[in-house]
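Structure first, then comments.
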Amino acid sequence: MRAAISDIDKAAGVLRAGGLVAIPTETVYGLGANVEDVAAVARVFQVKGRPPSHPLIVHIGSAEQLGEWVTVVPDTARLLAERFWPGPLTLVLRRGPRVPLEATGGLETVAVRVPDHSMALALLSAFGGGVAAPSANRFGSVSPTTADHVRAELGDAVDFVLDGGPCQVGLESTIVDATSETPSILRPGGVTREELEAALGSQVSVGSTSRVRVPGQHPSHYAPRARVVLVEPEALLTEVELAQEAGHRVGVILPPSLADAPVKTHAVVAVPRSMAAYARRLYGFLRDLDQLGCDLIVASLPPEEGLGLAIANRLRRAAGPRSTT
Ligand code: AMP
Ligand code: MG
């Protein structure tokens, strides 16, 4: 989808004036602000209801600009940027002086990426600076993958919504700690562990081995209103039956292995066989099941390889314990 030039100019003007723009990317829609404008950055946290200690990702227009935002670019970070940008890979590096601590939750590191979407790139080029953009949803809820999701959830709190159609990856970026020469995955996402390992020629670990602090990785996140329960595929039909007997309005995310199973329940969505298609539609499924009035969603985890690693991560966190406050 192509935006009229005037839309891009208008969005760039809103950013320059300290406003907030909803930006289409290949991962999810972002809620963007000029990263160097601390008042605009503060509004992002306020609109999302996000604790200020949770750092934002800074979006830039090209890999060549990376040096403007970080103090050191290790060789491996350079290699990853050249291989995967524009694309769903976020690199955590040492924060340069142009990035205010307000955007990094007080950390001396900053997360940076170049999004792979023509409209986002046109906006970054017209604006010229860095755009701090977390997902354009309220804190803890499901990330938006269409402009309508953003309008429905944030409404007038956003000054301008750029409609770039449905997001093509549909899940957030892979976040990699690239501060050292042995990068590790802090959050799985649109670039797979296997792709990173092929690019680096070495194994890449996932999780907490990194020295950098990773705030904002709460167990409950990416969550629909309905409670999410994860079960093994063999136990899924029984779980659904029991939950219905207990009076729940059950939504089922039906794995491919059960595609022909006779499920009688409030709502059913079938998992596509392609992992890329599943990633693209996962958040839409969660939103749809909420919309249909389900109070319980039963799902199984996909095999945790390729994009399955990120899908399983989001499903686990959607099913994570919720705060009652
Ligand atoms: P969101 O924008 O909500 O999709 O999430 C951005 C996520 O990026 C945060 O929740 C952090 O986990 C991660 N992140 C951003 N900046 C940093 C950083 N400097 N160090 C580690 N993780 C970061
Ligand atoms: Mg988010």
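In this chain, residues are counted from 1 in sequence order.
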For residues 254-271, tabulate all N or O donor-acceptor pairs below 3.5 Å that involve a side-chain atom, not counting sequence neighbours.
| residue | atom | partner | partner atom | Å |
| --- | --- | --- | --- | --- |
| Thr265 | OG1 | Gln244 | OE1 | 3.1 |
| Thr265 | OG1 | Val250 | O | 2.8 |
| His266 | NE2 | Leu292 | O | 2.7 |

Pairs of donor and acceptor atoms involving the side chains of residues 68-78, under 3.5 Å and at least two apart or interchain, shall be tabulated with distances.
| residue | atom | partner | partner atom | Å |
| --- | --- | --- | --- | --- |
| Glu68 | OE1 | Arg98 | NH1 | 2.9 |
| Thr76 | OG1 | Glu181 | OE1 | 2.8 |

List the atom pairs, donor and acceptor, that lie under 3.5 Å between side-chain atoms in residues 119-135 and the rest of the protein, sequence neighbours left out.
| residue | atom | partner | partner atom | Å |
| --- | --- | --- | --- | --- |
| Ser135 | OG | Lys48 | NZ | 3.3 |
| Ser135 | OG | Asn137 | OD1 | 2.6 |

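Ring geometry, His54 versus Phe139: the interplanar angle exceeds 60°, so the pair is classed perpendicular (tilted spans 30 to 60°).
Within the cation-pi definition used here (under 6.0 Å to the ring centroid, within 45° of the axis), Arg317 does not qualify as a partner of Tyr222.
Legend: residues meeting salt bridge (Lys or Arg N to Asp or Glu O under 4.0 Å) with Asp295, ordered by chain and number and at least two apart, are absent. Qualifying salt bridge (Lys or Arg N to Asp or Glu O under 4.0 Å) partners for Asp159, counting only residues two or more places apart in sequence or in other chains: Arg43. Remark: Glu153 pairs with Ser141, Arg287 by the side-chain hydrogen bond (donor to acceptor under 3.5 Å, both in side chains) rule, at least two apart or across chains. For Asp288, there are no side-chain hydrogen bond (donor to acceptor under 3.5 Å, both in side chains) partners, not counting sequence neighbours.
Residue pairs meeting the salt bridge (Lys or Arg N to Asp or Glu O under 4.0 Å) criterion with at least one partner in residues 233-247, sequence neighbours excluded, are absent. Applying the side-chain hydrogen bond (donor to acceptor under 3.5 Å, both in side chains) test to every pair with at least one member in residues 300-309, sequence neighbours left out, gives these pairs: Glu304-Arg316. Applying the salt bridge (Lys or Arg N to Asp or Glu O under 4.0 Å) test to residues at least two apart or on different chains, the pairs with a partner in residues 103-126 are Glu26-Arg113, Arg95-Glu108. Applying the salt bridge (Lys or Arg N to Asp or Glu O under 4.0 Å) test to every pair with at least one member in residues 117-142, sequence neighbours left out, gives no pairs at all. Among pairs with a residue in residues 12-25, none fulfils salt bridge (Lys or Arg N to Asp or Glu O under 4.0 Å), at least two apart in sequence or across chains.
When atom types are taken as modelled, the side chain of Asp290 and the backbone of Arg225 share a donor-acceptor pair closer than 3.5 angstrom. A donor-acceptor contact shorter than 3.5 Å links the side chain of Gln65 to the backbone of Gly61. Using a distance-only test at 3.5 Å, with no hydrogens or angles considered, no donor-acceptor pair links the side chain of Ser173 to the main chain of Ile175. Between the side chain of Glu197 and the backbone N or O of Val204, at least one donor-acceptor pair lies under 3.5 Å. Checking side-chain atoms of His59 against main-chain N and O of Val112 turns up no donor-acceptor pair under 3.5 Å.
Atom CG of Leu107 sits about 10.0 Å away from atom CZ of Arg94, to the nearest 0.5 Å.
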